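Owing to the predicted nature of the structure, the values given are computational and were not obtained by experimental measurement. For ligands, and for the atoms within them, numbers begin at 1 and follow the listed sequence.
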Amino acid sequence: MATPVCIATWPFGRLAAMTASKLLLAGKPALEAALAGAQAVEDDPSVNSVGYGGLPDRDGVVSLDACVMDGRTLSFGAVAALERIGNPAAVAKLVMEKTPHVCLAGRGALEFAITNGFKTRNLLTPKSLEEWEKSKPKPPQPMPGHDTVTVLCLDSKGDLGGVCSTSGLAHKLPGRVGDSPIVGAGLYVDNQGGCAGATGVGEEIWRILGSHKVVEMMRAGKSPQEACEQAVRLMHQVAGRRGVHVSSAAFLALDPQGRHGAAAVPGTNFEFAVGRPGSLQMLKGVEVGG
Ligand code: GLY
């Protein structure tokens with residue numbers, strides 16, 4: 001028997017970790033708990049970077065990216081550029097369970113969701129429309145102080161599961177896909193190495209396949225904290241090769257023993273929640289400069 005643990009990104013990670021921890025304590029599988037945690041954030045209209053109420057793209061359309069991964073079987077599913085469905089992570093789980101594929105995008109993802117009983121809705125709230133209008137001249141970038149919800153869980157059987165869900169960068173080009181639905185970039189989960197997730201500028205996270213790197217470093221013996229810090233250093237190095245600076249990015253990780261770690265690019269102000277039996281803490285990711 002393992003002691004269940006859940007970690008989740010940003011201040012809204014508290015809601016995700018609380019929701020997931022209840023299920024883990026009731027003996028539910030890691031992936032089911034992580035999905036419920038992410039879904040609680042997707043459903044919260046006050047969160048403007050995930051699910052319902054997420055900020056729209058350049059043309060005012062909300063499109064969502066998500067993926068799920070099971071650490072026992074390495075099964076995963078993803079959806080990208082999904083419109084009008086507020087729970088993309090649940091659709092991603094069905095892609096994993098019901099199709100021979102691992103990722104559906106755009107119109108096909110929407111059709112698949114509708115066929116499987118998901119109801120369409122307008123994902124734009126009056127508040128998110130107003131915020132989008134106000135921030136219009138800005139280039140696409142993560143919202144300060146929050147972005148993707150990534151939920152990583154270890155269940156009582158010792159299995160790992162993870163979920164990642166986002167509306168991506170506000171004002172992104174229509175059709176832009178970030179790191180969040182890309183397994184290896186925004187999320188990676190393997191019972192034998194650990195699990196990791198990312199948040200921040202998706203293009204930079206994807207470029208280094210950051211979450212997979214973190215898991216492989218844990219597999220090779222690094223602690224979750226060391227592995228996250230090393231991934232941030234690598235991101236700085238790779239961005240430096242193009243003469244650019246990463247404005248905001250963070251990794252968080254959980255190893256098969258339930259130890260956690262998190263590291264971020266300076267200025268990200270990354271916070272995450274850690275739920276263990278009887279405790280829920282908010283912690284700050286260690287900032288690692290280039
Ligand atoms: N990390 C979220 C995104 O870039 O879409």
J.: Flag Val201 as yes when one of its N or O atoms lies below 3.5 Å from any N or O atom of ligand 1, and as no otherwise.
T.: no
J.: Quick one: which ligand 1 atoms are inside 4.0 Å of a heavy atom on Thr148?
T.: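 Per the distance check, 1 (N), 2 (C).
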J.: For Gly202 and ligand 1, does the shortest N/O to N/O distance drop below 3.5 Å?
T.: yes
J.: If hydrogens are left out, which of Asp179, Thr166, Leu64 has an atom nearest to atom 3 (C) of ligand 1, that is, the closest non-hydrogen atom?
T.: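 Nearest option to atom 3 (C) of ligand 1, by heavy atoms: Asp179.
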J.: Would you call Arg207 and Glu204 a salt bridge, taking side-chain N to carboxylate O under 4.0 Å as the test?
T.: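 Yes, Arg207 and Glu204 are salt-bridged.
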J.: Considering only heavy atoms of Ser180, which atoms of ligand 1 have at least one such atom less than 4.0 Å away?
T.: 1 (N), 2 (C)
J.: Got the closest protein heavy atom to atom 5 (O) of ligand 1, with its distance?
T.: Arg176 NH1, 2.6 Å
J.: Just by distance, no angles: are the side chains of Asp147 and Ser49 close enough, under 3.5 Å, to form a donor-acceptor pair?
T.: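 Result is no, nothing qualifies.
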J.: Any side-chain donor-acceptor pair under 3.5 Å between Lys127 and Asn48?
T.: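 Asn48 and Lys127 do not have a side-chain donor-acceptor pair below 3.5 Å.
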J.: Closer than 4.0 Å to some heavy atom of Gly200 - which atoms of ligand 1 meet that?
T.: 1 (N), 2 (C), 3 (C), 4 (O)
J.: Testing the 3.5 Å rule here: is there a donor-acceptor pair between the side chains of Gln39 and Asn87?
T.: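 Not at all, the side chains of Gln39 and Asn87 share no donor-acceptor pair under 3.5 Å.
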J.: Of the backbone atoms (N, CA, C, O) and the side-chain heavy atoms from C-beta on, which set of Asp65 has a member under 4.0 Å from an atom of ligand 1: side chain, backbone, both, or neither?
T.: neither
J.: Judged by modelled atom types alone, do Ser63 and Lys172 share a side-chain donor-acceptor pair under 3.5 Å?
T.: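 There is such a pair between these side chains.
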J.: Taking the six-membered ring for Trp, are Tyr188 and His212 parallel (under 30°), tilted (30 to 60°) or perpendicular (over 60°)?
T.: perpendicular
J.: Which is it for Glu204 and ligand 1 at heavy atoms under 4.0 Å: side chain, backbone, both or neither?
T.: neither
J.: Are the side chain of Asp65 and the backbone of Ala81 linked by a donor-acceptor contact shorter than 3.5 Å?
T.: yes
